[in-house]
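What you see is a predicted model; the values in this text were computed from it and never measured. As the structure lists them, so they are numbered: ligands from 1, and atoms in each ligand from 1.
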Amino acid sequence: MSMPRVEVRNGQKVLLVDDKPFIMLSGELHNSSSSTLKYMEPIWDKMQSINVNSIVFPVTWQQTEPVEGEFHFELVDGLIEQAKAHGMKFGILWFGAWKNANCSYAPNWVKLDTKRFWRAQGQKGKNVGYFEMFGHKMPYTTLSAFCEETNKADAKAFAALCKHLKEVDTDHTVIVIQVENETGMLGTSRDHSDVADAIFASQVPKELVEGLVARKEGLVEDIKEALDKCQSGTWEEVFGEAADEVFMAYHTAKYIENVAAAGKAEYPLPMYANCWLVQGGKPGRYPSGGPVYRVLEVYQTVAPSLDWLAPDIYIPQFVDTCKKYTKQGNPLFIPEIAMHGGAPARLIYAVGHHHVLCFAPFGIDDIGTAADTFLGAAVGMDTSDEDLRKKMEPETYARVNALIQGLVPVLGDLYGTDQLDAVIKEDPDRRTMNFGDVAITGIFENPMMKSGAGALLAARVAPDTFYLLGTKCMPSFTSLDPEKPFFEYLTIEEGEFIDGTWTVSRLLNGDEEHVRFGEPTLLKVEIHLFD
Ligand code: DGJ
């Protein structure tokens, strides 16, 4: 079997594991869970019980290289064994120099040597800054993206990890790697160290201007306008008000590229970078320099070793965020999303409409416990729909995962085509999917139906045959064929794929022909258009 890889199929990047399309029906563990094998032991069973096919969790620089030059891989080896014993794959989050615009996962020998591994300066001469969040001022400090020693040391440790994976992970249990975690600077829009200041006063590299111009279609308005006016000069001359963010993005992307390229030279697993999204206005209110949608093209220009750029979605604007991360050929991969009652519907939508590569509610190890209210409630969630205020039920997530997992062979063929689509209640502006001769509308507000976060996915596998996966909605077909304006169902089977075989649990007709999805359900329908 070939190693996990990314391939472009039907014009879209897909993830292949053991040579087959793989959709990561997943979850991200809390930051500290994978720090010991003992703590992880019960988690695998729990993950199996919710039918995820993979999980993502940190493997840290701190634990990998506690003493400079001495690498420890016992933990990652044990994690691979545990995952294999549970038939599970996993993605590694390399917590290197950055973790949420901070450097808490750098080894102590890095943290202690602030001369060799110098810190970014939010204000001139100051290695510590303050960031206001949830009403209090939090001190933070981060390593500088401009420090070559840090970049070299981080890349060396990451390359050692990748080399080791190549040697030990012959069954391909590790399928993707995230390089760093939520990079950028908080509390300021750029590094004010002497080194950064000198580079900021110099000319914008030609490679960047050319890369952005080549990707002009996707650029955000202010950056596009700036480039229309001026394509050479200092950062401020070329990018005006966006200069600090573009400058930080360019140098942070270069840093990550150096780390990713060193890893890929050893073992070229699919790799990506994630980000804390634009929130609260100006860069610095969110980490300045991370791969937010405003600067995706900067990353695409500078960091070719990254296969995609990924959003961590805790903001209410789920639909809009998905859209922003599917420009310029970037596939949607969601390594973190708030875990709440709306997440299963979001998974259905992300698979159907955006052909997502990974969907991972954060803190998945807490699912079904009292502790799992943390994110749904805390991080500025939209609570307009009752499901968004509720917990994600383990049974619901397990059901959706099982139904989608069975469908993966079908979905794999349809990714990148217009024969797979979805609508979601959260997007009131788009309720109808157009399949050429037939349209399918998702009806989410109807007194006959269970209300809550709903979604409807439609996968067309033959001219008259669709799989419909829905929750809390009613599907409504309309013929768009003027020659055959009437529609009827021939058969409606409710069921699921078990060991690759479509298995029917009920044949729906009569009253049940007026399909109403409550809990996540999969149907196979045969339709007839006629005059
Ligand atoms: C985003 C980070 O990337 C995660 O590691 C975690 O800290 C979550 N936020 C929730 O706190």
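A cation-pi contact links Arg190 to Phe200, judged by a cut-off of 6.0 Å to the six-membered ring centre and 45° from its axis. Taking the centre and axis of the six-membered ring of Tyr267, the NZ or CZ atom of Lys166 falls outside the cone set by 45° and 6.0 Å.
Close approach to Glu182 involves these atoms of ligand 1, each under 4.0 Å from a residue heavy atom: 1 (C), 2 (C), 3 (O). Taking a cut-off of under 4.0 Å to the non-hydrogen atoms of Asp312, the atoms of ligand 1 that pass are 3 (O). Close contacts of ligand 1 with Phe362, meaning ligand atoms under 4.0 Å from a residue heavy atom, involve 4 (C), 6 (C), 8 (C), 10 (C). In the vicinity of Asn181, heavy-atom distances shorter than 4.0 Å reach the ligand 1 atoms 2 (C), 3 (O), 5 (O).
Polar contact check, Asn274 against ligand 1: no nitrogen or oxygen pair lies under 3.5 Å apart.
Aromatic ring pairs are classed by plane angle as parallel below 30°, tilted from 30° to 60° and perpendicular above 60°; the pair Tyr415 and His355 is parallel. Below 30°, between 30° and 60°, or above 60°: for Trp94 and Trp61 the angle between ring planes is between 30° and 60°, a tilted geometry.
For an aromatic pair to be called close, the ring centres must be under 6.0 Å apart, and Trp308 with Phe333 satisfies this.
Contacts between Leu93 and ligand 1 below 4.0 angstrom, taking non-hydrogen atoms only, are absent altogether.
Ligand 1 is approached by Lys99 to a heavy-atom distance shorter than 4.0 Å. Contact between Tyr314 and ligand 1 is present, with at least one heavy atom of the residue lying under 4.0 Å from the ligand.
With Glu149 as the fixed residue, the salt bridge (charged side-chain N to carboxylate O under 4.0 Å, His left out) test singles out one of Arg116, Lys156, Lys115: Arg116.
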